[in-house]
Amino acid sequence: MSELLIRQFPCLSDNYGFLIHDPDSGETATIDTPDADVILAQAEAAGWTITQIWNTHHHFDHAGGNETIQALTGAKIVGPRYDTHRIPGISVEVENGDVISLGRHKAKVIYTPGHTMGHVCYHLPMDGIAFVGDTLFALGCGRLFEGTPADMWYSLSRLAALPDETRVYCAHEYTEANARFALSIDPDNRDLQVYAAMVEGERARGEPTVPTTIGAEKAANPFLRPDDPAIRARLDMATADDVDVFAEIRRRKDMF
Ligand SMILES: [Zn+2]
């Protein structure tokens, strides 16, 4: 089985587009459709024809290009069953635990409510990669537009349980601002300090900070570390539940 080829490129103001291509079957999937024109041009430049669209959630900067791409390529659209009514052109409805395929490469659907109530992530265990939409960001997590802190904490915990070496493709380049916030509540974390310095260099050079890894996020991302004694001490929440500490971190980020 050939390795998947991954093409990552900026879309809109701070989204990333991702195309994945299986050389054996010739299939290509776009993960979400932030900008149909850019995605189609990227596919053409690679010599790939989009055969599938995998949506993580219904927001316009994730599903807004569905119908244009489907009309021009005939791609089938995979998306969360919960959001069938608001994913344009959906043809394959998936829910937690379902497995979809790109050629012989398998992706497992992980239900991750919080940012929206229908949000799903796609984990390709054999390839060691995960597309996490607006659930987990490098040094951050998605805003809680629809779900509760408990929903999001459940979702992040599931992603944190993936193997440390899993490469995580987040849908936005928010890392520099996330690093500033993370350092404000976990300033003595050596892993975070090193990570933040690396991000500063990457951004200064105009390089993406995505993908990250589960291991790097577990070590430095405060949203995955509500059990950390230093963060708890700073928030004066030494004995609180993880979900309450997570909620407080999210609240502070919203006001940062
Ligand atoms: Zn979103």
Side-chain angles (χ1 to χ4, degrees), residues 4-12 15-125 127 129-136 142 145-147 155 168-172 210:
L4 279 182
L5 303 177
I6 303 175
R7 197 172 170 102
Q8 174 178 330
F9 44 91
C11 282
L12 308 177
N15 283 73
Y16 281 120
F18 305 107
L19 288 166
I20 59 176
H21 176 75
D22 170 39
D24 296 336
S25 64
E27 282 221 69
T28 302
T30 175
I31 315 303
D32 288 326
T33 57
D35 185 327
D37 292 343
V38 171
I39 293 165
L40 289 162
Q42 287 282 337
E44 191 179 349
W48 302 343
T49 301
I50 297 169
T51 56
Q52 300 192 38
I53 294 169
W54 295 358
N55 282 132
T56 60
H57 65 298
H58 73 281
H59 284 159
F60 185 76
D61 61 325
H62 293 260
N66 276 18
E67 285 170 315
T68 300
I69 293 175
Q70 188 180 47
L72 290 170
T73 64
K76 74 175 178 187
I77 299 180
V78 178
R81 170 160 296 153
Y82 193 101
D83 274 342
T84 298
H85 58 295
R86 49 187 190 177
I87 302 265
I90 188 168
S91 45
V92 180
E93 301 167 15
V94 293
E95 55 191 27
N96 190 55
D98 284 349
V99 175
I100 58 173
S101 301
L102 190 78
R104 287 161 62 203
H105 295 263
K106 305 286 183 200
K108 192 167 179 185
V109 176
I110 305 176
Y111 178 48
T112 50
H115 178 69
T116 67
M117 282 316 289
H119 197 294
V120 296
C121 297
Y122 297 96
H123 176 223
L124 291 80
D127 300 280
I129 60 179
F131 295 94
V132 298
D134 288 355
T135 294
L136 176 63
F145 285 119
E146 297 177 10
S155 300
V168 177
Y169 290 86
C170 324
H172 290 271
V210 173

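Looking at E95 and Y82, their side chains never come closer than 4.5 Å, going by heavy atoms from C-beta outward. Residues L40 and E44 form no side-chain contact, since every pair of their non-hydrogen atoms from C-beta on lies 4.5 Å or further apart. Using a 4.5 Å heavy-atom cutoff, the side chains of I39 and P34 are in contact. Side-chain contact between I31 and I20 is present, with at least one heavy-atom pair separated by less than 4.5 Å.
The pair E146-R86 counts as a salt bridge, with a side-chain nitrogen and a carboxylate oxygen less than 4.0 angstrom apart.
A donor-acceptor pair under 3.5 Å is formed between the side chain of T33 and the backbone N or O of N66. At least one donor-acceptor pair closer than 3.5 Å links the side chain of T112 to the backbone N or O of H119. Using a distance-only test at 3.5 Å, with no hydrogens or angles considered, a donor-acceptor pair links the side chain of Q8 to the main chain of V210. No donor-acceptor pair closer than 3.5 Å links the side chain of Y111 to the backbone N or O of P80. Looking at Y169, its side chain never comes within 3.5 Å of a backbone N or O of G17 through a donor-acceptor pair. A side-chain donor-acceptor contact under 3.5 Å links S155 to the backbone of P113. Judged purely by atom type and a 3.5 angstrom limit, T68 has no side-chain atom pairing as donor or acceptor with the backbone of G65.
No donor-acceptor contact under 3.5 angstrom links the side chains of N15 and D35, judged on distance only. In the model, H62 has a side-chain atom that pairs as donor or acceptor with a side-chain atom of D134 under 3.5 Å. Between the side chains of K106 and S101, a donor-acceptor pair is found at a separation under 3.5 Å. For the residue pair E27 / T51, a side-chain donor-acceptor distance below 3.5 Å is found, with atom types taken as modelled. Side chain to side chain, T135 and H115 fail the donor-acceptor criterion of an N or O pair below 3.5 Å. Checking D61 against H172 by side-chain atom types alone, a donor-acceptor pair falls below 3.5 Å.
Ring to ring, F131 and F18 are close: their centroids are under 6.0 angstrom apart.
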Test side-chain hydrogen bond (donor to acceptor under 3.5 Å, both in side chains) applied to D127 and H105, step by step: CA-CA 8 Å; D127 300 280; H105 295 263; 2.8 Å; yes
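Here the options are V120, I90, I100, the test is side-chain contact (heavy atoms from CB on, under 4.5 Å), and the partner is V78; only I100 passes.
When all heavy atoms of I6 and I129 are compared, the pair lying nearest together is CD1-CD1, 3.7 Å.
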